[in-house]
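A note on names: the letters A, B, ... follow the listed sequences, proteins ahead of strands, and every chain is numbered from 1.
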Protein chains: 2
Amino acid sequence: MQPAEQDVKMRLLQAAKKLFARQGFDGTTIRQICEEADANVALISYYFGGKDKIFQALIETVFSQPLAKDFVSRDLDPVEGLKVLIRELTLFRMREPDLVRLFQQETILNGPRLDVMREHKFPLWIKTRELLEEGRARGLFRFRSLDFTFSFVTGILLDSHGPYFQPLSTEGEQSPERLIEDMTDFILSGLKYEPAT
Amino acid sequence: MQPAEQDVKMRLLQAAKKLFARQGFDGTTIRQICEEADANVALISYYFGGKDKIFQALIETVFSQPLAKDFVSRDLDPVEGLKVLIRELTLFRMREPDLVRLFQQETILNGPRLDVMREHKFPLWIKTRELLEEGRARGLFRFRSLDFTFSFVTGILLDSHGPYFQPLSTEGEQSPERLIEDMTDFILSGLKYEPAT
DNA sequence: GTCTATAAGCCGATAGAC
DNA sequence: GTCTATCGGCTTATAGAC
């Protein structure tokens with residue numbers, strides 16, 4: 001694969017990510033993608049084989065990079081584990097807002113490609129559930145339903161209303177660190193965790 | 001307005017709600033809607049004036065029913081107010097899953113159709129923010145950032161990952177009442193609320 | 001590898017018959 | 001009020017020139 005070819009393919013993938021995320025799959029045309037990527041209209045068919053194929057290629061490039069391999073494999077204390085999860089996930093979400101939006105859309109549309117995403121991301125969520133359960137067993141957390149509690153935690157972690165509620169915001173932009181701190185605090189409090197004094 | 005006319009309009013609206021929710025606005029054609037409603041292709045133009053218009057009409061019928069009118073207008077204690085909000089919103093979301101999906105779709109896509117929804121729902125969220133702020137001022141709640149805290153609360157309230165995480169569920173179906181109780185408990189704990197003994 | 005030109009089909013919308 | 005037939009526009013995809 002030559003450099004120029006690499007370059008165009010990459011530009012097309014980047015443009016596809018951006019536009020699919022912002023406008024949805026159906027709301028995006030290959031013409032828009034090619035224009036955004038400064039490439040000819042025919043090159044999506046040439047490099048990927050069509051609109052569906054470039055979407056699939058996009059998903060696959062995402063999962064070729066490890067996201068949370070170490071979080072899943074490391075043997076962490078429930079509290080420390082949740083802290084690592086909150087931090088890593090929050091930073092990832094701030095690094096890749098378009099990707100987050102893309103996932104969210106697929107999740108809601110419940111399309112056929114959702115299974116691929118499930119397969120790759122579920123180890124992360126299984127580990128998260130295990131941390132909650134272990135924390136409860138050890139008396140660190142207090143809650144009644146694991147299913148409900150898990151959904152509360154993921155609701156906070158994967159919140160997707162940022163832009164929607166933007167007009168209500170009053171405090172301006174804040175640092176990621178403050179968000180991570182406050183989120184950790186809120187979740188651990190919700191779990192009735194009482195830090196050792 | 002004659003009965004038959006009412007009937008067709010209603011069937012079209014119901015079909016539109018179902019298909020827009022499941023396939024998105026761009027992924028749904030007026031032909032599909034009319035087929036689902038057992039109506040002729042031309043009737044969407046005739047009754048509503050076009051695809052965009054039937055969407056708008058759909059949103060407006062939703063908001064013609066009072067959802068949270070009383071919640072917004074009633075002068076409630078912060079804690080009681082949040083409890084009412086959690087209950088009403090949760091019950092509404094269980095009654096109208098398609099509508100929830102529709103909102104979530106549009107929220108993420110951040111399209112031009114979002115403004116209509118914002119206009120109708122924002123009084124609810126403004127009131128929610130006021131309750132949080134008032135609760136903090138009265139020493140009932142403890143948190144640092146109102147913006148962050150508001151996003152945590154809405155993340156839980158508007159969680160959209162139910163179907164996605166379904167395969168991880170272990171506790172089977174549970175009653176709405178239990179969900180409301182647990183959610184209230186988690187949120188108030190996250191806000192550091194300590195019930196008077 | 002890149003481009004133009006064009007094919008073939010679906011889209012939303014509507015004029016006009018009934 | 002309902003329907004058929006059709007229009008113009010835009011879509012994806014590709015054949016073929018360079």
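- A straight line from CG of A/D38 to C1' of C/dC3 spans 14 Å, rounded to a whole angstrom.
- Between the CG atom in A/D115 and the CZ atom in A/F122 there is a gap of 9.5 Å [rounded to 0.5 Å].
- Using a 4.5 Å heavy-atom cutoff, the side chains of A/R93 and A/E88 are not in contact.
- Note on ring orientation: taking the six-membered ring where Trp is involved, the planes of A/F63 and A/F103 are parallel (angle under 30°, cut-offs 30° and 60°).
- For the pair B/R113 and B/F55, the distance from NZ or CZ to the six-membered ring centre is under 6.0 Å and the angle to the ring normal is within 45 degrees.
- Put simply, CG on B/L19 is 12 Å from P on C/dG12, counting in whole angstrom units.
- The side-chain contact (heavy atoms from CB on, under 4.5 Å) test applied to A/T28 returns A/L19, A/F20, A/Q23, A/Q32, A/I33, not counting sequence neighbours.
- Comment: A/D38 does not engage A/R11 in a salt bridge, judged by the lack of any side-chain N to carboxylate O separation of less than 4.0 angstrom.
- Atoms CG (B/D26) and P (C/dC11) sit 12 Å apart, rounded to a whole Å.
- Distance A/E35 CD to C/dC3 P: 13 Å, rounded to the nearest Å.
- Between A/F48 atom CZ and D/dT14 atom P the separation is 15 Å, expressed in whole Å.
- Looking at residues two or more places apart in sequence or on another chain, you find a salt bridge (Lys or Arg N to Asp or Glu O under 4.0 Å) between A/K18 and A/E36.
- Distance CG (A/L12) to C1' (C/dG1): 13 Å, rounded to an integer number of Å.
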Identify all pairs in which a protein N or O lies below 3.5 Å from an N or O of nucleotides 13-18 of chain C, and state each distance.
unit_1 : atom_1 : unit_2 : atom_2 : d
C/dA13 : OP2    : B/K51  : N      : 2.8

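- Grouped with A/I108 in one hydrophobic cluster are B/I108, the linkage being side-chain heavy-atom contacts under 4.5 Å among Ile, Leu, Val, Met, Phe, Trp and Tyr residues.
- Within residues 55-62 of chain A, no residue places a heavy atom under 4.0 Å from DNA chain C.
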Pairs of donor and acceptor atoms involving the side chains of residues 162-172 of chain A, under 3.5 Å and at least two apart or interchain, shall be tabulated with distances.
unit_1 : atom_1 : unit_2 : atom_2 : d
A/S169 : OG     : B/D147 : OD2    : 2.8
A/T170 : OG1    : B/R129 : NH2    : 3.1
A/E171 : OE1    : A/Q174 : NE2    : 2.8
A/E171 : OE1    : B/S145 : OG     : 2.6
A/E171 : OE1    : B/D147 : N      : 3.4
A/E171 : OE2    : B/L146 : N      : 2.8

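- Nearest-nucleotide assignment on DNA chain D puts the 5′-proximal partner with B/A39, out of A/T28 and B/A39.
- Dashed line: the shortest gap from a side-chain N or O of B/Y47 to OP1 or OP2 of D/dT2 is under 4.0 Å.
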